[in-house]
Student: 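First the structure, then my questions, so here it is.
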Amino acid sequence: SVAAANADLTQADRRSYEVERASDHDMTPLALSRPHALVASILSERGPHESSVAKVATWITGVALVVWLIACANVANLLLARALRRRREIAVRLALGVSRARLASQLLTESVFLGVVGGVVGVLVAQWGGAVLRAALLPKSAEATVVGDPRTLIVAGIAALVAGVLTGLAPIAQTRHTNLAGDLKAGAREGTYNRSRLRMGLLIFQGALSVVLLVGAGLFVRSLRNVNSVPLGFDPAPVLAVNLEMRGVTLDSARRVALLDRLLAAATAIPGVEHASLQLTTPFWSTWDVDLHVDGIDSVSRLGEFDLNAVGPDYFATMGTRIVQGRPISTLDMANAPKAMVVSKAMANALWPGRNAIGQCVKVSADTVPCTYVVGVAENIKAQSLSDDPGLFYYLSAAQWHPGEGGVFVRMHDGAASRQETVRRTLQALMPGSSYVTVTPLSEILGHETQAWQLGATMFVVFGALALALAAIGLYSVIAYNVAQRTHELGVRAALGAQMRDLARLVVSEAMKLAVIGVVLGGVISLVVSRWVKPLLFQESPRDPWVFILVSAVLLVVAAIASFIPARRAARADPLHALRSE
């Protein structure tokens, strides 16, 4: 079983860990590292710890299904209204001997044909729209086409056929209640208004689902705003990360140091470059941690994981990270100079609470090495996670820690992404043999961290707006149809003294009642599903009252606008025309 395999793998991993630790005493004790192995798909997005992007993508599939249901309800309502207008025709067919089954088959064929045509158009739109969305939101995803993927076409075909069947059920149900004699005698009064609970129910259903999608859109938009307002401790927009790919080219330490120095000098000389610095690790991309030893603290690792970066003298100016106390790494911190370290404010508070961190001794990597003295305190940065990163970070001099390793950060005056290729070409000319450099904007690296919220906000807003438009069209259509059906009634009301504003209020109030019921029902559904959405949000409550209030207001305003034209038409009802039609 999977559980037994996981247990066997974990035990083997623990034994291997102990064997390795016997020869490397710097490794964390087994009790602290707690290695754990498990069986999982090699396709990481399938689990067992799927990324937030995969989770959001799953929710977007559900959102698309909700929009599909709204569209089905909308078309069903329109076909139902059309069937009501065809009552006399249907009655004549039945009187001539057409069976109800044959009649239902005709209505179903019409709706399925409509669904299939819509499906074909949808596939063509998806072929183009999918490419646009992938380029905007998932640029690193594998190339995929709609038309060339049999699975997608099968799903689209099923969706179209089921939509056709679902939308055809409403008019078919209406034919079961046909009053043959009354409909044949309808004559000029065939448009007499008949309130349909099914039509009203479909409208409320559309409104409720629209509220759910708009609430989701509001929550993701606020999450994205919260993500973008997180203080990173550095400015990623103008910075390019240059990394070396040696591709089998072997250089000793001295030659690697010389190569990095040449790359740094060449990068600094590029027009538009403000600062450049050596770097060992890149935030949200690579990390490096070693054991630390501080006098008076039994185990520094118990306080958390401390990550390091080995940097050049211009690093903090390049990254835009402020020094809040002391000084940064400088040209004084060379290989033979006393070892220097800059710590983050969070690290200083964790190791020396209530004391001055400047001048403190930290032994890096082993008990026998000489002290590395703290010369400065920098503001906290986010290096691994936007949410729960404790900011335990420190900086060593690149000349004193693994010289020749790492790459270069380049800060551009403006347009870092647009200068990416220029920097790459300039530095590539200095690379030996088949080795090469990769140049990546820091904003692109950070974009992978914010991708889930960007994807969720964009798609929820798009689908929410589409759902709102569908609901508005459906409400307008039904209210307009009702007004047309009630021409006689409205004319009589006008003849009996009803004012234009009274007739308009009558129509608008009916639409607003339906909208209010839809808002309440949609709000309840949103509250119920909120506990499943919460893990996908960033510092945002899934029950944010302002989101619910704003969505409710938007839907009510849209309902009022959708009912305005029918209400205006009702207010202009001519009593003489209505009475003459009698």
Side-chain angles (χ1 to χ4, degrees), residues 227-243 264 267-268 273-289 292 304-333 339-352 356-358 360 362 364 372-402 405-414 416 440-447 449-450:
V227 167
N228 292 333
S229 63
V230 170
L232 299 174
F234 60 92
D235 184 10
V239 179
L240 296 171
V242 180
N243 290 287
L264 182 62
T268 306
V273 172
E274 288 186 341
H275 302 281
S277 171
L278 299 178
Q279 50 88 5
L280 183 63
T281 63
T282 304
F284 298 104
W285 195 345
S286 58
T287 59
W288 192 320
D289 65 278
L292 300 179
E305 184 177 302
F306 294 79
D307 294 318
L308 71 87
N309 197 355
V311 303
D314 216 14
Y315 175 83
F316 295 97
T318 302
M319 294 295 287
T321 301
R322 294 181 300 109
I323 298 295
V324 298
Q325 186 182 0
R327 68 171 178 85
I329 299 295
S330 71
T331 54
L332 300 175
D333 305 311
K339 293 183 181 293
M341 165 190 289
V342 173
V343 300
S344 68
K345 190 174 181 180
M347 180 173 174
N349 292 335
L351 296 181
W352 306 285
N356 188 359
I358 303 298
Q360 296 289 347
V362 179
V364 181
T372 300
Y373 293 100
V374 178
V375 298
V377 178
E379 66 175 314
N380 295 332
I381 70 166
K382 299 287 187 181
Q384 296 191 44
S385 171
L386 290 172
S387 56
D388 55 359
D389 193 329
L392 303 176
F393 209 87
Y394 61 99
Y395 309 85
L396 304 175
S397 170
Q400 297 176 346
W401 177 267
H402 289 266
E405 298 291 334
V408 178
F409 280 151
V410 179
R411 183 182 185 91
M412 307 301 299
H413 178 69
D414 56 9
T440 309
L442 272 191
S443 56
E444 180 179 313
I445 297 173
L446 184 63
E449 297 297 315
T450 63

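Throughout, numbering of the chain's residues begins at 1 and tracks the sequence. Not measured: the values here are computed from a predicted model.
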Student: Considering non-hydrogen atoms only, spot the tightest contact between V375 and A340 and give its length.
Tutor: CG1-CB, 4.0 Å
Student: Quick check on side chain to side chain contact (heavy atoms under 4.5 Å, CB included): which of T372, D333, V364 does Q400 satisfy it with?
Tutor: D333
Student: Under the criterion side-chain contact (heavy atoms from CB on, under 4.5 Å), I'd like the reasoning laid out for I329 against Y315: C-alpha separation, chi angles, the key distance, then a yes or no.
Tutor: CA-CA 8 Å; I329 299 295; Y315 175 83; over 6 Å; no
Student: Closest heavy-atom contact between D314 and S277?
Tutor: C-CB, 3.7 Å
Student: Do E305 and Q384 pass the side-chain contact (heavy atoms from CB on, under 4.5 Å) test, and can you show the C-alpha distance, the side-chain angles, and the key distance before you say yes or no?
Tutor: CA-CA 11 Å; E305 184 177 302; Q384 296 191 44; 3.4 Å; yes
Student: So, do V362 and M341 sit near enough that their side-chain heavy atoms are less than 4.5 Å apart?
Tutor: yes
Student: A side-chain contact here means heavy atoms from C-beta on lying under 4.5 Å apart; do V374 and M347 qualify?
Tutor: no
Student: Only pairs under 3.5 Å count here: list side-chain donor-acceptor contacts from residues 231-238, not counting sequence neighbours, and write none if there are none.
Tutor:
residue : atom : partner : partner atom : Å
D235    : OD2  : R411    : NH2          : 3.3

Student: Taking side chain as C-beta onward, heavy atoms only, is T287 less than 4.5 Å from T281?
Tutor: no
Student: For K382 and F284: C-alpha separation, side-chain torsions, deciding distance, then whether side-chain contact (heavy atoms from CB on, under 4.5 Å) applies.
Tutor: CA-CA 8 Å; K382 299 287 187 181; F284 298 104; 3.7 Å; yes
Student: Tell me the closest heavy-atom pair linking G312 and A398, and the distance in Å.
Tutor: N-CB, 4.3 Å
Student: Quick one: does E379's side chain have a donor or acceptor within less than 3.5 Å of a partner on R322's backbone?
Tutor: yes
Student: Side chains of T282 and L442: closer than 4.5 Å at any heavy-atom pair?
Tutor: yes
Student: What pair of heavy atoms forms the shortest contact from A348 to V343, and how long is it?
Tutor: CB-CG2, 4.0 Å
Student: Quick one: does V408's side chain get under 4.5 Å of L278's, heavy atoms only?
Tutor: yes
Student: If you define the side chain from C-beta out and look only at heavy atoms, does anything of D389 sit under 4.5 Å from N380?
Tutor: no
Student: Should M319 and Q279 count as side-chain neighbours, where that means a heavy-atom distance under 4.5 Å?
Tutor: no
Student: Taking atom NE2 of H413 as the centre, report whether more than 12 heavy atoms of other residues, nucleotides or ligands fall under 6.0 Å from it.
Tutor: no
Student: Donor-acceptor pair, Q360 side chain versus N356 backbone, under 3.5 Å?
Tutor: yes
Student: Inspect the surroundings of NZ in K345 and state if more than 12 heavy atoms from other residues, nucleotides or ligands are less than 6.0 Å away.
Tutor: no
Student: Taking the side chain as every heavy atom from C-beta outward, state whether L280 and W288 have any atom pair closer than 4.5 Å.
Tutor: yes
Student: Output the distance between atom CG (N243) and atom CZ (F409), rounded to the nearest 0.5 Å.
Tutor: 7.5 Å
